[in-house]
Amino acid sequence: MRLIAATFLALSIACNRAFELKDFTFGDHDYNSLLNVLNETNKKCPDVSRIYSLDEKTVEGRDLVVIEFTAEKPGTHLAGKPEFKYVGNMHGNEVVSREVLLALIAYLCQGYREQDPEVVWLMDNTRIHIMPSMNPDGWELANSRPRKNGQKPWLDGRANANEVDLNRNFPEVDKLEYKYEKLEGGLNNHIMSLSKALSKMNLAPETRAVIKWLYSIPFVLSSNLHGGDLVANYPYDESRDDRKTSQYSASPDDGLFRYLAKSYSKHHLTMSDPSRKPCDMSGDLELPEFKDGITNGAKWYSVAGGMQDFNYLATNCFETTLELGCNKFPYPEEEKNYWEENKAALLNYMFQVHIGIKGLIQSGGKRVGNATIKVMNMPSGSPIKHDVLSGKQGDYYRLLLDGDYKVRVVAEGFHPEERCITVANKQMQQAQVVNFDLTPSNKERTKGQTGCIPTKQLDLSSGTEQFLQDSLYDKLYGDYVYNTKDYQLYNYLQRILKSVTGN
Ligand SMILES: [Zn+2]
């Protein structure tokens with residue numbers, strides 16, 4: 001017990017040992033001074049940073065700028081190095097995120113120059129992308145409005161210059177996913193192609209630019225940062241029952257997402273404090289209760305067309321939404337306090353991109369992209385019904401909590417492969433490497449499968465039944481998700497199995 005307590009304490013200290021920022025001026029950063037922070041940072045840390053802009057500009061013609069940090073080859077995805085992102089100020093009048101991300105940018109550069117062990121480790125092992133403002137046009141409008149009783153108007157500048165709320169403007173993938181769930185045989189990841197996503201009516205240029213960005217870089221973990229409340233929000237954001245404005249709508253990774261949200265809220269100075277005063281600025285009659293400083297998005301209030309769920313369902317990226325404070329547009333002199341409240345949490349959350357497993361999918365030395373990585377909880381055998389895909393270079397990343405799992409890799413033209421693993425995550429340690437070498441399906445497989453049998457898997461021994469079991473397995477966890485016509489076969493096999501086993 002004492003040993004466990006000591007270990008926990010050591011881990012906590014490791015991620016709260018944030019140093020003081022030098023040479024950074026807090027206060028409202030308008031568009032030009034935002035660019036200055038990025039340029040100055042890039043000048044100070046040229047070897048480990050790069051500035052780039054997304055493919056399209058805002059309605060008013062501003063660049064959507066991103067700064068990237070990584071110790072080796074900025075500008076290049078390296079297989080095995082996970083990609084992380086923070087997006088701030090998506091609602092232009094929610095400025096705390098913009099300011100704390102600018103401070104974080106200065107912090108990462110200073111930390112690298114001063115060889116801070118945490119920052120150096122992050123940069124050595126991660127590619128970090130930070131977009132301090134996704135809605136610079138909205139910021140300009142909000143900033144131009146006078147304060148009344150210290151507050152800016154609640155909504156002015158929230159939307160883009162065409163009055164489009166960017167966090168309602170993404171393709172509604174949740175509804176599609178809920179439909180697939182009912183079919184028990186539809187896609188559970190990458191459920192929309194890039195061209196289909198871009199064909200959505202009335203996409204704002206900012207949304208379109210971000211969609212292209214999400215498909216061009218294999219992000220693993222991210223958060224989009226807001227203001228107006230103080231809570232870490234996780235998928236799904238849209239209610240399963242579309243008649244309900246509030247309904248807990250768990251994703252297949254609910255436990256993982258709760259952990260990720262807590263990995264922010266528990267390191268924030270006040271977010272998870274049960275005695276803090278709740279925000280009461282939106283005029284809600286009933287104040288929501290946020291135990292541990294986290295909430296399921298749809299339980300709080302249902303949102304359609306949000307960016308968070310689009311990340312999770314259309315790409316490999318797991319995203320949360322962070323609300324950084326009750327006041328959306330505080331006075332400039334308060335911004336340093338927000339940084340102090342958030343800095344340990346911002347850092348700790350970035351480390352979470354290294355939990356779980358990662359590896360290369362290859363066949364005879366050739367990388368296999370677009371392979372599906374499926375995971376089952378062990379020993380129960382219950383699948384986590386959200387797969388990830390390997391990228392163009394054959395690398396994959398699967399965030400997982402501590403525990404035993406069976407990992408199954410399915411790729412067109414290859415025999416499926418399985419591996420049984422135990423995940424034991426540690427702070428400042430890369431994800432466990434689990435590589436797969438696949439055998440082409442036109443060749444006989446020489447390697448045996450590793451033996452971990454989930455308790456749910458049926459114990460059948462005769463040849464015919466084994467065939468049925470394998471077929472059912474493939475229908476359950478194999479490629480059936482890509483072909484809903486197979487669902488009829490799956491149903492048929494399941495009926496036979498039920499009659500065989502009496503279950
Ligand atoms: Zn917001």
Side-chain angles (χ1 to χ4, degrees), residues 28-29 34 58-59 64 85-102 130-143 145 151-170 172 174 204 206-207 209-210 222-238 245-246 261 264-265 268 271 278-284 287-288 290 293-312 319-330 334-335 338 341-342 345-346 349:
D28 292 343
H29 286 88
L34 177 152
T58 67
V59 173
L64 292 165
K85 70 176 149 68
Y86 275 135
V87 175
N89 197 214
M90 180 182 195
H91 291 140
N93 61 334
E94 296 167 8
V95 304
V96 172
S97 62
R98 175 171 166 137
E99 296 297 325
V100 298
L101 287 183
L102 288 174
I130 301 175
M131 176 154 66
S133 179
M134 184 176 159
N135 186 4
D137 297 357
W139 187 93
E140 298 295 328
L141 178 71
N143 189 51
R145 294 288 194 256
Q151 300 287 330
K152 296 266 188 184
W154 187 249
L155 292 174
D156 291 7
R158 174 186 173 89
N160 77 349
N162 284 339
E163 296 186 11
V164 174
D165 185 333
L166 301 177
N167 208 24
R168 307 289 184 278
N169 190 229
F170 281 78
E172 278 190 46
D174 296 70
E206 294 88 350
T207 316
V210 167
S222 66
S223 192
N224 77 80
L225 281 56
H226 292 252
D229 217 310
L230 188 60
V231 68
N233 171 107
Y234 56 90
Y236 290 126
D237 258 345
E238 186 171 4
T245 53
S246 165
Y264 198 91
S265 70
H268 184 281
M271 198 180 272
C279 299
D280 184 22
M281 308 178 75
S282 55
D284 293 346
L287 291 174
F290 298 136
I294 67 169
T295 186
N296 172 262
K299 173 70 184 147
W300 186 12
Y301 61 93
S302 182
V303 166
M307 182 160 76
Q308 168 191 275
D309 292 359
F310 185 82
N311 269 271
Y312 180 60
E319 180 159 292
T320 59
T321 305
L322 301 167
E323 301 279 345
L324 300 187
C326 306
N327 192 348
K328 289 184 177 181
F329 208 133
E334 294 171 62
E335 279 156 11
Y338 283 101
E341 284 174 6
N342 282 285
L346 286 165
Y349 188 77

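As the structure lists them, so they are numbered: ligands from 1, and atoms in each ligand from 1. Remember, it's a predicted structure, so these values are computed and weren't measured experimentally.
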| Donor on one side chain, acceptor on other, E319 and S222, under 3.5 Å | yes

| said: Check the orientation of H226 and H91. Use parallel for under 30°, tilted for 30 to 60°, and perpendicular for over 60°. | reply: perpendicular

| remark: For Y264, the ring-ring contact (aromatic ring centres under 6.0 Å, His included) test, sequence neighbours excluded, returns none

| query | Considering the options T320, N233, N224, N167, which one meets the side chain to side chain donor-acceptor pair (under 3.5 Å) requirement together with Q308? | reply | N233

| field | Stepwise side-chain contact (heavy atoms from CB on, under 4.5 Å) check, D28 with E335 | value | CA-CA 8 Å; D28 292 343; E335 279 156 11; 3.2 Å; yes

| In total, how many protein N/O/S atoms does one find closer than 2.8 Å to the Zn ion (ligand 1)? | 4

| field | Any side-chain donor near an acceptor of the partner, S302 and T245, under 3.5 Å | value | no

